[in-house]
**Q** 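My structure is below; once you've seen it, I'll send some questions.
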Amino acid sequence: MSDEITITFLGTSSAPPQIERRQSSVAIKYRGNLLIVDLGEGAQIEMLKNKISLRKMTILLTHLHSDHTLGLMGLLTTRNFFNIKTPITIIGPSWTSKFLSILFLAYRFRPEFEISVKETTGGTVLENKDLVVKSFPVKHSIESVGYIVETQPKTGKFNPEKAKALAIPRGELWKLLQEGNSIDIDGRKINPEEVIDKIPLKNLKVVITGDTEFDENVIEHSKKADLLIHDATYPPEETERATKYSHSTCTDAALIAKKAKVKKLVLTHISQLHSDLEHSLAESKKIFPNSILAHDGLRIKIKAKD
Ligand SMILES: [Zn+2]
Ligand SMILES: [Zn+2]
């Protein structure tokens, strides 16, 4: 079974949208799980473009500023329109419940599906057989959290040679064993342990900060992440402005990535003040070479290695 996380950037602009950049939103897919982190204006359009279904998802809000939430009501309304009944969970910082109640009242909106709302200031917000998602507080102008998405550690790896030796036909039966099920071939029972080698597979870690100023606490939470998605609102020279508006420069983000020893950094929440994006990226790379600049539609796949 492919063991990879797919991250799709649906919006990569700071608050004022740009022709080529919509407001913040990121989709994270792993096995049957879809996490949507923030829903800026127009996120639904990017979901359509990227063939992301509205059916089953968990929404993670980093904070309630409008450039991270304007797309939320649109998405919920579309679910009603298409009569989608699967329940949905919305996780966000304190005030998320109240925020939703006010929006529903203002729009006279009645969801025709179940919505569970969880507020968080830190700690585990979601755990299933595939993933653990935790939040941590970040420094921004209102209550805000970042999210850590980690795959559950695997203890085994499917060994095709063993499957062949046991004369198990390739295809559906292999898949069932890979997923941890026992199978039956003409009365012969085969357990997954017979074809799975006990090799610990590394779990994958993706960290997304949302809007944050330069904050040493982010280092601890991002330690050795496979991917760090960090606020990079301003170019390197705009340090004063970054502090004033509780955002980061791209080089702040690079410094955090370097100190946290992450594998890859994606700079996002890009404002128009980056008059020369190549310069911004080059300066970031001087500090952390594996930096890349997000753009709408950017897709990154991260694979678990043995
Ligand atoms: Zn923002
Ligand atoms: Zn903000």
Side-chain angles (χ1 to χ4, degrees), residues 7-28 35-47 59-75 90-96 98-100 102-103 119-122 135-148 206-215 217-218 221-222 228-235 238-253 256 265-274 277 280 284 293-298:
I7 297 115
T8 309
F9 289 80
L10 305 173
T12 59
S13 177
S14 61
Q18 300 161 49
I19 290 173
E20 300 293 336
R21 291 184 192 275
R22 296 182 193 273
Q23 294 173 340
S24 289
S25 188
V26 176
I28 300 175
L35 311 173
I36 304 286
V37 185
D38 291 335
L39 278 157
E41 187 180 358
Q44 275 196 90
I45 312 286
E46 288 302 311
M47 289 173 79
I59 294 172
L60 304 169
L61 301 174
T62 59
H63 63 303
L64 304 175
H65 275 157
S66 66
D67 60 314
H68 296 252
T69 53
L70 276 171
L72 179 62
M73 279 309 298
L75 181 138
I90 302 174
I91 299 164
S94 43
W95 229 69
T96 299
K98 188 91 176 153
F99 173 78
L100 289 170
I102 294 167
L103 280 178
E119 294 186 352
T120 179
T121 52
S135 75
F136 60 97
V138 294
K139 289 184 183 153
H140 189 44
S141 48
I142 57 169
E143 299 92 330
S144 302
V145 290
Y147 290 101
I148 303 163
V206 175
V207 178
I208 180 160
T209 63
D211 292 4
T212 182
E213 59 184 71
F214 179 81
D215 177 4
N217 290 322
V218 175
H221 296 291
S222 312
L228 170 64
I229 301 165
H230 199 290
D231 180 324
T233 309
Y234 298 121
E238 295 283 358
T239 48
E240 263 177 49
R241 205 187 288 257
T243 310
K244 186 174 175 195
Y245 295 106
S246 298
H247 283 292
S248 299
T249 64
C250 54
T251 40
D252 285 339
I256 296 286
L265 167 69
V266 179
L267 304 162
T268 192
H269 204 266
I270 305 296
S271 80
Q272 284 162 326
L273 286 170
H274 285 277
L277 280 169
S280 292
S284 307
L293 206 56
H295 59 82
D296 290 14
L298 171 67

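Order of appearance sets the numbers: ligands from 1, and atoms from 1 within every ligand. If you read the sequence from its start, that first residue is 1, and numbering goes on from there.
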**Q** Restricting to non-hydrogen atoms, name the atom on Thr120 and the atom on Val145 that form the minimum distance, rounded to 0.1 Å.
**A**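 For Thr120 versus Val145, the nearest heavy atoms are O-CG1, 3.8 Å.
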**Q** Specify whether an N/O/S atom of His63 falls short of 2.8 Å from the Zn ion (ligand 2).
**A**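 His63 does place an N, O or S atom closer than 2.8 Å to the Zn ion (ligand 2).
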**Q** Where the side chain of Arg21 meets the backbone of Gln272, is there a donor-acceptor pair that is under 3.5 Å apart?
**A**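 Checking the backbone N and O of Gln272 against the side chain of Arg21, no donor-acceptor pair under 3.5 Å is found.
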**Q** Tell me whether His140 has at least one N, O or S atom under 2.8 Å from the Zn ion (ligand 2).
**A**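 Of the N, O and S atoms in His140, at least one lies under 2.8 Å from the Zn ion (ligand 2), which means yes.
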**Q** Does any donor atom in the side chain of His230 or Asp252 lie under 3.5 Å from an acceptor atom in the other side chain?
**A**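 No - no donor-acceptor pair under 3.5 Å links their side chains.
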**Q** Under 2.8 Å from the Zn ion (ligand 2), can any N, O or S atom of Asp211 be found?
**A**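 Yes.
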**Q** Angle class for the His68/His63 ring planes (parallel below 30°, perpendicular above 60°, tilted otherwise)?
**A**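 His68 vs His63 ring planes: tilted.
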**Q** At the Zn ion (ligand 1), what angle lies between atom NE2 of His68 and atom NE2 of His269, rounded to 10 degrees?
**A**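 Computed angle, vertex at the Zn ion (ligand 1), rounded to 10 degrees: 110°.
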**Q** Could you tell me if Thr209 and Asp231 have a donor-acceptor pair between their side chains, going purely by distance under 3.5 Å?
**A**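 Looking only at side-chain atoms, Thr209 and Asp231 do not form any donor-acceptor pair under 3.5 Å.
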**Q** Looking only at N, O or S atoms, which one in His65 sits nearest to the Zn ion (ligand 2)?
**A**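 Output for this pair reads ND1.
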**Q** Taking all atoms of both residues into account, what is the closest heavy-atom pair of Thr212 and Ser248, and its distance?
**A**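 Scanning both residues, the minimum pair turns out to be O-OG, 2.6 Å.
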**Q** Below 2.8 Å, can you find an N, O or S atom of His247 next to the Zn ion (ligand 1)?
**A**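 It does not; every qualifying atom lies at 2.8 Å or beyond.
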**Q** For the Zn ion (ligand 1), find the closest N/O/S atom belonging to Asp67 and write down its atom name.
**A**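 Within Asp67, restricted to N, O or S, the Zn ion (ligand 1) is closest to atom OD2.
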